[in-house]
Structures are given as structure tokens and as C-alpha cells.
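The structure appears below as C-alpha cells.
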Amino acid sequence: MAQLTINQCQKCGKILAPGVTKCGKCHTEHSVMPSVVNPLRFSAAEAAEYRSQFEEQVKEFPKDSNALFAMGLTYLGLKNYELADEHFRKAVALTPSNPDVYYYTALSLFHHRSVMNLSKMEMDRIEQWLDTAVKIQPKRKYLILQMILRQGISSMGLNVDTDKLSPAELLQQARITAQEEDELYEIEQHVLITDEKTRALVNSLVSGDKAGNTSIFPETMNAYLNFCEYTREGDGEWSTENIKKLCDEDAREAFFKVLHEPQKPEKLPKPSFALPFFKSLWKGVLAFVAVIVMLIIVQGFLKWGGDKTITAETPQERLEAFKSMAEGRKVYVARYKNEAGKEQAVRGPFLDEKVLSLPDKTKYSWKAPGLKGTFGQILILLPLFLWAILTIKRFIVCSNGRSEVRKKNKANLEYYERAHAAYLDRPSIEDYKLFCSLFAGPNKNSIVNEGDFVEAALRQAHIAEDDIKNGNGKIFFSCYLLDSDDNNDECRDPEITLRQMAVRVCVAMRDSIVFLHGIWETESNVMPVLDQERLLYSQIANFRNIQSYSTLDVVSHSNTVLAEIIYGYGDFPSLFRYQGINPSDEMTYSATRTSDFDEFYNSLIKMHTAYIKS
């Protein structure tokens with residue numbers, strides 16, 4: 001697979017030369033973004049865009065071999081072989097150690113011709129380029145192209161040097177070499193294989209790659225049913241601009257993400273302050289009870305008394321009263337008013353001298369030993385402090401929770417608005433169906449620059465359409481979107497139905513029928529590699545057209561059904577049809593191709609009858 005790594009400016013997309021960190025277009029520095037591209041797979045629009053950038057790159061940096069190689073691949077993909085060869089040769093001069101440049105130079109020299117149509121000089125030049133590529137690194141695709149070239153030379157009766165590997169030896173070596181993606185597809189795009197022996201070698205290589213794969217041909221594929229009706233206006237219409245958008249794989253992937261109208265999200269409920277309030281109230285009651293209990297404990301067990309007033313006639317009586325009330329306490333607080341009427345307090349240990357010096361009618365508070373001043377009060381009020389801290393914490397948590405819910409509701413609403421805007425702006429279901437039909441069709445239009453599965457199928461089967469025309473053969477083509485469940489008669493979900501298209505091509509040839517079938521993932525720009533089956537007319541006794549089941553049974557001489565050609569899809573036609581009845585319609589008219597099974601069936605009977613008579 002012709003993948004290249006190019007450096008592009010992240011801001012403007014301009015291609016940058018290796019080692020360049022400043023964009024010459026937008027002058028942004030250190031904004032290099034490596035990208036992997038395959039110029040052979042460029043659409044017409046992509047080829048035009050990248051070609052102009054590569055040309056600018058080559059003018060600015062004439063020795064940028066990567067840009068020259070990319071230019072050669074771009075022109076090769078467009079089948080402009082002269083310009084491709086010119087740029088490949090320049091790239092070879094700058095990077096003589098890159099085997100891919102030699103290989104693609106050799107491939108471009110075929111000019112989509114068979115080996116039989118090459119001159120001796122062209123064969124020698126292609127052989128030289130391939131020999132150099134194989135000597136540097138014997139990749140599988142190099143060996144396959146060498147095999148095709150040497151088998152073609154041998155089929156023409158020309159001698160192949162004895163010191164070189166034979167086509168059979170190259171085939172064996174290719175089978176044990178690592179396979180690359182699309183290697184045969186690339187070769188078939190630019191080399192026409194008409195020789196039967198060469199085709200047999202390539203087919204054996206393909207069948208070896210698919211060893212163990214089961215054929216899906218006998219399985220019955222029903223037609224797609226009508227889609228569900230959607231309320232969004234426009235799903236029954238189509239737009240050229242939307243179809244152009246769908247040419248991009250990312251746009252088709254995004255289409256499925258917004259296929260259904262999004263539901264407006266419900267607001268998440270915010271946590272209420274009521275719950276923490278009632279919890280705090282309940283905890284506060286418990287804290288207050290705890291304080292009361294502690295006071296009782298202090299009062300009853302620690303003998304921490306309240307204020308009492310002692311009235312005595314003499315200091316000695318006061319001292320006796322103190323002693324009877326103290327009951328062993330060593331700490332007290334005495335409060336009295338002085339002559340100015342101001343209240344004063346005396347604290348200290350229990351001493352006779354100190355008590356005797358106190359005035360009459362003094363209020364005394366007794367404290368238990370070790371519990372002095374503020375510390376004792378804090379200890380008593382500790383439950384209330386803890387309650388206050390937990391209450392504050394509980395309300396902070398609730399407030400943060402409400403803030404998080406607000407953020408989530410805002411984010412959900414913003415996401416919904418974006419999704420709804422994308423849903424309203426997306427292509428319709430009809431747009432997607434029409435895109436699929438254009439992708440699979442002959443594409444003589446400027447909307448979709450891919451497709452024509454019939455041509456791709458013929459290339460994969462190494463069948464030249466001119467041979468079919470000369471033999472009055474026909475090619476039957478059908479394609480249809482797959483159902484998610486063949487046994488379910490209910491309306492299908494487009495999200496499932498639109499994702500896959502079944503492709504079938506049947507070819508009535510002079511000596512055989514060729515069946516090609518596969519599944520195209522509609523989100524991909526890569527056409528499917530079709531499974532192939534061939535039945536010789538010598539194996540076939542007759543055909544049974546069972547119209548009630550829309551099938552044609554291919555019957556052997558022992559009355560065994562060799563294969564089923566399923567041509568009917570109830571009331572639902574193929575998504576794309578060749579209109580053979582209108583020669584003026586260049587879009588779909590073909591003297592060889594048809595979507596009318598009766599036309600194909602009549603041709604098949606004629607071809608089979610002519611073969612049996614001969």
C-alpha cells in the first residue's frame with residue numbers, strides 16, 4: 001500500500017519539507033503535524049488539492065524526494081503515466097536506496113496494458129527497475145509484478161533468462177513473503193492481465209490467501225425494506241451538496257452519530273438544603289443533651305458546685321462555714337462587692353488565712369481540682385463545637401453538590417444543542433441512499449468520484465469486458481442495502497440498514513459463468529474484495545428459473561444444484577441499476593452490463609447452448 005508520511009502545518013494545512021519547522025504560508029513556527037496519505041487512493045478533489053501543494057513543495061525544495069515521490073504516485077493514481085514516470089525518475093536520483101520508487105516506476109511503465117502489448121525494450125526496462133527493487137528488498141508485490149511480467153514473456157514464446165527465477169518460483173516466494181494491503185488491487189489498476197496462464201497464477205495466489213475462508217454465495221440475501229418514516233422534514237428528499245459531503249468517510253461516520261433526533265435532557269435535581277438542615281437540627285439536639293449530661297456529671301460526680309452565699313457574724317464562723325461547704329475541695333472562686341460597689345473575684349487554693357480575709361456576705365463558687373477557667377468551659381461545650389463544625393461541613397458539601405449539578409445540567413444542555421444542530425444539518429436518509437448508488441455506479445458525474453463496482457469486480461476477476469462483448473456475453477449487476485434481520489418483517493432501523501451494501505456480479509462468458517459477491521461497508525471508501533466462483537459450462541446440464549423464489553438454479557448433469565443465482569428482491573429494486581434499454585443515457589447504458597435479469601438469463605442460455613453445440 002502506497003502510504004506516505006508528510007508533514008503539514010497544523011494551522012493552514014500546508015505541506016512542509018522534512019526538517020522545516022516554520023510554515024512559509026502562515027509563518028507559524030513549531031506547528032508540524034505528521035499525516036499518512038495514500039496518493040493512489042486520492043479522489044479527484046483530493047488529487048487536485050494535494051497535487052498543487054506537492055508542486056509548490058517541489059518548486060521550493062527541488063531536492064525534496066518525498067514530494068517528488070508523492071507527485072509520481074498522485075499522477076499514477078490519475079493514470080497520467082508520463083508525468084508519473086517523470087517524477088519517479090527524479091525521486092530515484094535523490095533516493096536510490098528506496099525500493100518502492102523503482103517498483104512504482106516499473107508499474108507506471110505498463111500504462112494499463114498487458115505484457116503482450118509491450119515492446120521488447122519496454123519489457124527490458126521494466127525488468128531492470130524490478131530487479132533493482134527486489135535486490136534492495138524483496139517485497140511480495142515486487143515478486144508478483146515480476147511473476148506477471150515473466151509469465152507474459154513466456155506465454156509469448158520468448159525465452160526467460162535461465163539465471164532468473166521462473167514465474168512458478170516467484171509464485172512460491174511470494175506466498176511466503178509478508179502481504180501488504182491492496183497490493184493486488186494496485187497492480188490490477190495499471191496492468192491488464194489477459195493471458196490465461198498469468199491469470200491462473202494470480203488466482204492461485206488469491207485462493208492461497210483466502211484458504212479457509214467460507215463462501216457466502218449460497219446464503220440468501222433478501223431485499224431491504226422501506227425505512228421507518230421519520231418526523232424530521234427532508235428525510236424523503238436529497239441534496240447535491242449533502243451528497244458531496246458524504247464523499248468524506250468522516251462525514252458518513254458522523255451521519256450515523258446524529259441519525260436519530262436527540263432527546264432534550266431532563267435537568268438533574270439539585271440537592272436540597274432541607275436535608276442537611278434537619279440533620280443539623282437533630283444533631284444539635286443531641287449536642288445540647290450531651291452538654292446537659294456533662295454538666296450533670298460534673299455537678300454530681302466532680303462536685304463542681306454553683307454559686308452560694310455565706311453570711312457569717314465573724315471571720316471564724318465564715319471559715320467554719322467554708323470548711324463545711326468545701327468538703328475537701330481545694331479550689332474556689334469568691335465574688336464580692338468592694339466599697340465602690342464593683343464586683344471582684346478571688347481565685348485560689350483553699351487557705352485559712354485567705355478565707356479569713358474575705359468580707360462578709362460573699363458568694364463562693366467551688367470548682368473541682370484540675371478544671372480551671374476556660375479549659376473546663378471548653379470541655380463542657382465540646383459537643384456544641386463539634387456540632388457547629390459538622391453543620392458547616394454538611395452545608396458546604398450540599399452547596400458543592402448543587403454547583404456540580406448545575407455544571408452537569410449546563411454541559412448536558414450544551415451537548416444536546418450541538419447534537420440537535422448537527423441532526424438538523426445532517427444529510428437525509430435519501431441523501432445517503434443516493435450516495436451509495438452513485439458510489440456503486442459508473443460515476444460519469446461530478447458528485448461522487450469513486451465507485452463502479454462492476455469495473456472493480458472485472459478487474460479483480462481479471463476479466464476484459466471487450467472479450468465479453470465479442471462473445472455476446474452479459475454482466476448482471478445488483479446491489480442492495482442489507483437488513484439487520486432477514487426474518488423480521490418490521491420496519492428496519494436505518495442506523496443498521498444503511499451500514500452495509502451487498503454487491504453481486506454475474507458474468508456469462510464463452511466457456512463459464514463467473515460469480516462475484518461481497519459486502520461493502522458504506523462508511524468506507526475502500527471497495528470490497530469480492531469472493532469469486534467459476535462454473536464451467538461443461539459442468540452444467542441446464543438452468544431452472546424458479547420465478548416464485550426469484551432464483552436461478554444452476555444444475556449439474558447429476559441433477560445437483562451447483563449454485564443459486566438470486567436475482568429477485570420482492571418489490572424492492574437494486575439500489576443502482578444499469579438501464580440497457582436507453583443507449584442515449586451515458587450514465588447507465590452499457591451493451592454488456594445489465595440489471596435486468598431476464599436479459600442476462602437469455603444471454604446465459606445462448607452462451608451455454610453455443611458452448612454445448614461446439
Side-chain angles (χ1 to χ4, degrees), residues 8-14 23 25-37 43 45-46 49 227-277 279 392-436 447 481 484 491-500 521-525:
Q8 290 182 287
C9 176
Q10 288 185 352
K11 186 175 181 180
C12 65
K14 176 179 171 57
C23 178
K25 183 177 179 181
C26 65
H27 307 294
T28 304
E29 291 189 8
H30 305 294
S31 182
V32 180
M33 177 181 63
S35 302
V36 178
V37 297
S43 64
E46 288 175 329
E49 177 185 354
F227 293 118
C228 299
E229 292 184 1
Y230 287 84
T231 56
R232 188 173 80 82
E233 185 178 355
D235 265 344
E237 304 171 358
W238 60 273
S239 161
T240 301
E241 291 302 318
N242 284 336
I243 292 173
K244 288 180 179 179
K245 292 179 185 177
L246 289 171
C247 292
D248 182 65
E249 288 178 319
D250 293 337
R252 298 204 290 282
E253 184 178 351
F255 168 81
F256 285 106
K257 292 180 180 178
V258 294
L259 183 59
H260 302 287
E261 183 174 6
Q263 297 295 323
K264 190 171 183 178
E266 295 182 1
K267 284 188 176 182
L268 299 174
K270 291 186 288 187
S272 173
F273 283 115
L275 183 60
F277 172 78
K279 280 187 176 181
I392 294 172
K393 182 179 179 181
R394 191 174 290 111
F395 276 88
I396 289 174
V397 170
C398 183
S399 178
N400 291 339
R402 290 171 65 89
S403 178
E404 287 295 323
V405 170
R406 279 196 298 269
K407 291 179 181 178
K408 287 182 181 179
N409 284 333
K410 183 179 179 183
N412 290 341
L413 184 60
E414 290 176 351
Y415 175 81
Y416 163 75
E417 290 174 349
R418 290 195 301 270
H420 193 259
Y423 167 76
L424 295 176
D425 189 52
R426 72 159 169 84
S428 68
I429 291 174
E430 288 300 319
D431 286 328
Y432 202 93
K433 290 167 65 179
L434 185 56
F435 164 79
C436 291
I447 301 178
L481 298 172
S484 59
C491 195
R492 268 55 170 184
D493 186 346
E495 185 174 359
I496 299 173
T497 306
L498 290 172
R499 287 186 183 274
Q500 290 186 323
E521 302 291 340
T522 63
E523 290 178 76
S524 171
N525 281 341

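This structure is a prediction, so every number in the text was calculated from the model and none was measured.
Taking E249 as the reference, R252, S524, N525 meet the side-chain contact (heavy atoms from CB on, under 4.5 Å) condition, with sequence neighbours excluded. Residues that satisfy the side-chain contact (heavy atoms from CB on, under 4.5 Å) test with E266, not counting sequence neighbours, are absent from this structure. Residues that satisfy the ring pair (Phe, Tyr, Trp, His ring centres under 6.0 Å) test with F255, not counting sequence neighbours, are Y432.
Counting only residues at least two apart or in different chains, side chain to side chain donor-acceptor pair (under 3.5 Å) contacts with residues 399-420 comprise E261-H420.
Across every non-hydrogen atom of P276 and S272, the tightest pair is CD-O, 3.1 Å. Closest of all the heavy-atom pairs between I243 and F435 is O-CD1, 4.1 Å. Closest approach of K264 and L413 over heavy atoms only: CE-CD1, 4.2 Å. Of all heavy-atom pairs spanning N242 and D425, the tightest one is OD1-O, 4.4 Å. The two residues V405 and P269 have their closest heavy-atom pair at CG1-O, 3.8 Å. Residues C398 and P271 share a closest heavy-atom pair of SG-O, 4.0 Å.
With values rounded to the nearest 0.5 angstrom, E523 atom CD is found 5.0 Å from F256 atom CZ. With rounding to the nearest 0.5 Å, the separation of CZ in R394 from CZ in F273 is 13.0 Å.
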